Asker: 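Could you have a look at this structure, given as structure tokens, before my questions?
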Amino acid sequence: MQGYTSFWNDCISSGLRGGILIELSLRGRVVLEPATLRKKRLLDRRVLLKSDAPTGDVLLDETLKHIKATDPAETVQSWIELLTGETWNPFKLQFQLRNVRERIAKSLVEKGILTTEKQNFLLFDMTTHPVTNTTEKQRLVKKLQECVLEKWVNDPHRMDKRTLGLLILAHASDVLENAYSSLPDDKYDMAMNRSKDLLDMDPDVEASKPNSTEMIWAVLSAFNKS
């Protein structure tokens, strides 16, 4: 609620990039290359452009432009690293998405969900973005809580795709426990256990099942490996 993220939580950066890849997949803009005998594993398969039609979102369209311009194509894990700027190849630094947190925060300020303040942190001032519209935050937290409690279906392939993606990204960004922190102890334990069961599933096995979204499982596989 304070409007800033921990300096020590580096997970959020890669979590946001993983979210971008999932969203582009759900919007029909990118897809994983088909599995072959040599490339069965999700992490071996490259991300292919399916449509370069603009999404209307600046960060999504910037990523789409990078994917379109890349030849040969890169894997999901490579894209998360490239978009985060974690590459030793100076020629690939151009693919880094810069100031993602700040740009997302600015967008949420424009939508009236956050506001902008200056806060003093001992030796320096820092721009923070406290939540002004708590309804939207509560809606997302409730959505996460319900998917592993009241609306638990015990099958990730029957879950809403974006909710499944949200759960995986909350875990990857190390904020899942925060989302469950308001629950009573018994429900908190149940939510964490069910989330763990889901997150411990084999992404390659789950991606091969009917009604799966391969990109969601590929992103989970990349986070499991990192």
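Treat the numbers as computed from the prediction; the structure is a model and nothing was measured. The analysis underlying the following values was restricted to heavy atoms, covering all of them including side chains, and did not include hydrogens, waters or symmetry mates.
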Asker: Roughly how far, to the nearest 0.5 Å, is the OG1 atom of Thr213 from the CZ atom of Arg162?
Answerer: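 Atom-to-atom, Arg162:CZ and Thr213:OG1 are 9.5 Å apart.
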Asker: Checking salt bridge (charged side-chain N to carboxylate O under 4.0 Å, His left out) between Glu33 and each of Lys50, Lys39, Arg38, which is the one that passes?
Answerer: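 It is Lys39; the other options fail the test.
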Asker: Quick check for you: to the nearest 0.5 Å, what is the distance between Gln145 atom CD and Leu183 atom CG?
Answerer: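 Reported to 0.5 Å precision, the distance equals 4.0 Å.
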Asker: First locate atom NZ of Lys143, then atom CG of Leu167, and finally report the distance between them rounded to the nearest 0.5 Å.
Answerer: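 Separation between the atoms: 11.5 Å.
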Asker: Taking all atoms of both residues into account, what is the closest heavy-atom pair of Leu169 and Gly19, and its distance?
Answerer: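 That would be CD1-CA, 3.3 Å.
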Asker: Using side-chain heavy atoms (C-beta onward) and a distance below 4.5 Å, is Leu24 in contact with Leu60?
Answerer: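 Yes - at least one pair of side-chain heavy atoms lies under 4.5 Å apart.
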Asker: Do Arg158 side-chain atoms and Trp152 backbone N/O form a donor-acceptor pair below 3.5 Å?
Answerer: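 Here the side-chain-to-backbone pair does not exist.
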Asker: Can you check side chain to side chain contact (heavy atoms under 4.5 Å, CB included) on Ile80 and Phe223, steps first, answer last?
Answerer: CA-CA 9 Å; Ile80 291 173; Phe223 286 138; 4.2 Å; yes
Asker: Taking a hydrophobic cluster as the set of Ile, Leu, Val, Met, Phe, Trp and Tyr residues connected by side-chain heavy atoms closer than 4.5 Å, whether directly or through intermediates, do Val219 and Leu43 fall within one such cluster?
Answerer: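 Cluster IDs for Val219 and Leu43 differ.
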Asker: Does the pair Lys151/Glu146 count as a salt bridge with the N-to-O cut at 4.0 Å?
Answerer: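 So Lys151 pairs with Glu146 through a salt bridge.
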Asker: Just verifying a value: how many Å separate Leu64 CG and His66 NE2, rounded to the nearest 0.5 Å?
Answerer: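 Between atom CG of Leu64 and atom NE2 of His66 there are 10.5 Å.
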Asker: Is there a side-chain contact between Met215 and Leu32 in this structure, where contact means two heavy atoms from C-beta onward sitting under 4.5 Å apart?
Answerer: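 Heavy-atom side-chain distance check passes, below 4.5 Å.
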Asker: Are Asp160 and Cys147 close enough that some pair of their side-chain heavy atoms sits under 4.5 Å apart?
Answerer: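 No - every pair of side-chain heavy atoms lies 4.5 Å or more apart.
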Asker: By salt bridge (charged side-chain N to carboxylate O under 4.0 Å, His left out), which residues pair with Arg27, not counting sequence neighbours?
Answerer: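 Salt bridge (charged side-chain N to carboxylate O under 4.0 Å, His left out) check on Arg27 returns Glu23.
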Asker: For residues Ala218 and Leu42, report the shortest heavy-atom separation together with the two atoms involved.
Answerer: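 Shortest heavy-atom separation between Ala218 and Leu42 comes out as N-CD1, 3.7 Å.
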Asker: Got a salt bridge between Lys209 and Glu206, using NZ or NE/NH1/NH2 to carboxylate O under 4.0 Å?
Answerer: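 Looking at Lys209 and Glu206, the cut-off is met.
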Asker: Does a side-chain heavy-atom distance below 4.5 Å link Leu164 with Leu198?
Answerer: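 In short, these two side chains touch, coming nearer than 4.5 Å.
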Asker: Quick one: are Asn211 and Lys161 in side-chain contact, heavy atoms under 4.5 Å?
Answerer: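 The answer is yes, as the side chains (C-beta and beyond) meet within the 4.5 Å cut-off.
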Asker: Test side chain to side chain contact (heavy atoms under 4.5 Å, CB included) on Leu176 and Leu199 and set out the steps.
Answerer: CA-CA 12 Å; Leu176 190 58; Leu199 294 163; 4.2 Å; yes
Asker: Grouping I, L, V, M, F, W and Y whenever their side-chain heavy atoms are under 4.5 Å apart, do Val31 and Ile22 come out in a common cluster?
Answerer: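 They do not share one cluster, since no chain of ILVMFWY contacts under 4.5 Å joins Val31 to Ile22.
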Asker: Grab the two heavy atoms, one from Arg46 and one from Ala73, that are nearest each other, plus how far apart they are.
Answerer: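 Of all heavy-atom pairs spanning Arg46 and Ala73, the closest is CD-O, 3.2 Å.
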Asker: Which distance, rounded to the nearest 0.5 Å, do you find between the OG1 of Thr70 and the CG of Leu82?
Answerer: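 One gets 7.5 Å once the value is rounded to the nearest 0.5 Å.
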Asker: Begin from the C-alpha positions of Val30 and Leu21 and carry the test side chain to side chain contact (heavy atoms under 4.5 Å, CB included) through to its verdict.
Answerer: CA-CA 8 Å; Val30 297; Leu21 291 175; 5.5 Å; no
Asker: Roughly how far, to the nearest 0.5 Å, is CD of Glu81 from CD of Gln77?
Answerer: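 Taking CD in Gln77 and CD in Glu81, the distance rounds to 5.0 Å.
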Asker: Under the side-chain contact (heavy atoms from CB on, under 4.5 Å) test, which residues partner Asp52, sequence neighbours left out?
Answerer: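 side-chain contact (heavy atoms from CB on, under 4.5 Å) list for Asp52, sorted by chain: Leu49, Lys68.
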Asker: Okay, side chain of Ser173, backbone of Val175: is any donor-acceptor separation there less than 3.5 Å?
Answerer: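 No.
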Asker: Assess whether atom NZ of Lys187 is packed by more than 12 heavy atoms of other residues, nucleotides or ligands within 6.0 Å.
Answerer: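 Incorrect, the count does not exceed 12.
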Asker: Please determine whether the number of non-hydrogen atoms from other residues, nucleotides or ligands lying under 6.0 Å from atom CG of Asp185 exceeds 12.
Answerer: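 Open.
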Asker: Write down the atom of Ser212, the atom of Ala207, and the distance for their closest heavy-atom approach.
Answerer: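 It is OG-O, 2.7 Å.
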Asker: If I compare all heavy atoms of Ala222 with all of Val76, which pair ends up nearest, and what's the gap?
Answerer: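 Smallest interatomic distance, heavy atoms only, reads CB-CG1, 4.3 Å.
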Asker: With hydrophobic residues grouped by side-chain heavy-atom distances under 4.5 Å, do Ile20 and Leu48 end up in a single group?
Answerer: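 No, Ile20 and Leu48 fall in different hydrophobic clusters.
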Asker: For Met190, I'd like to know if atom CE has over 12 heavy atoms of other residues, nucleotides or ligands within 6.0 Å.
Answerer: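 Not more than 12 within 6.0 Å, no.
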Asker: Listing request: all ring pair (Phe, Tyr, Trp, His ring centres under 6.0 Å) pairs with a residue in residues 188-217, at least two apart in sequence or in separate chains.
Answerer: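 Residue pairs with at least one partner in residues 188-217: His157-Trp217.
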Asker: On a heavy-atom basis, which atom in Leu144 and which in Thr163 lie closest, and how many Å separate them?
Answerer: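 What the structure gives for the nearest pair is CD2-O, 4.5 Å.
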Asker: Going by the rule salt bridge (charged side-chain N to carboxylate O under 4.0 Å, His left out), which residues pair with Asp44 if we only count those two or more places apart in sequence or in a different chain?
Answerer: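 Once residues adjacent in sequence are excluded, the partners of Asp44 under the salt bridge (charged side-chain N to carboxylate O under 4.0 Å, His left out) criterion are Arg41.
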Asker: With sequence neighbours left out, write down each residue that passes side-chain contact (heavy atoms from CB on, under 4.5 Å) with Lys196, or none if nothing qualifies.
Answerer: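 Applying side-chain contact (heavy atoms from CB on, under 4.5 Å) to Lys196 gives Asp200.
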Asker: What pairs with Glu177 under salt bridge (charged side-chain N to carboxylate O under 4.0 Å, His left out), at least two apart in sequence or on another chain?
Answerer: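 Not a single residue meets the salt bridge (charged side-chain N to carboxylate O under 4.0 Å, His left out) criterion with Glu177.
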Asker: Are Leu220 and Leu26 linked, directly or through intermediate hydrophobic residues, by side-chain heavy-atom contacts shorter than 4.5 Å (ILVMFWY only)?
Answerer: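 The answer is yes; both residues are in one hydrophobic cluster.
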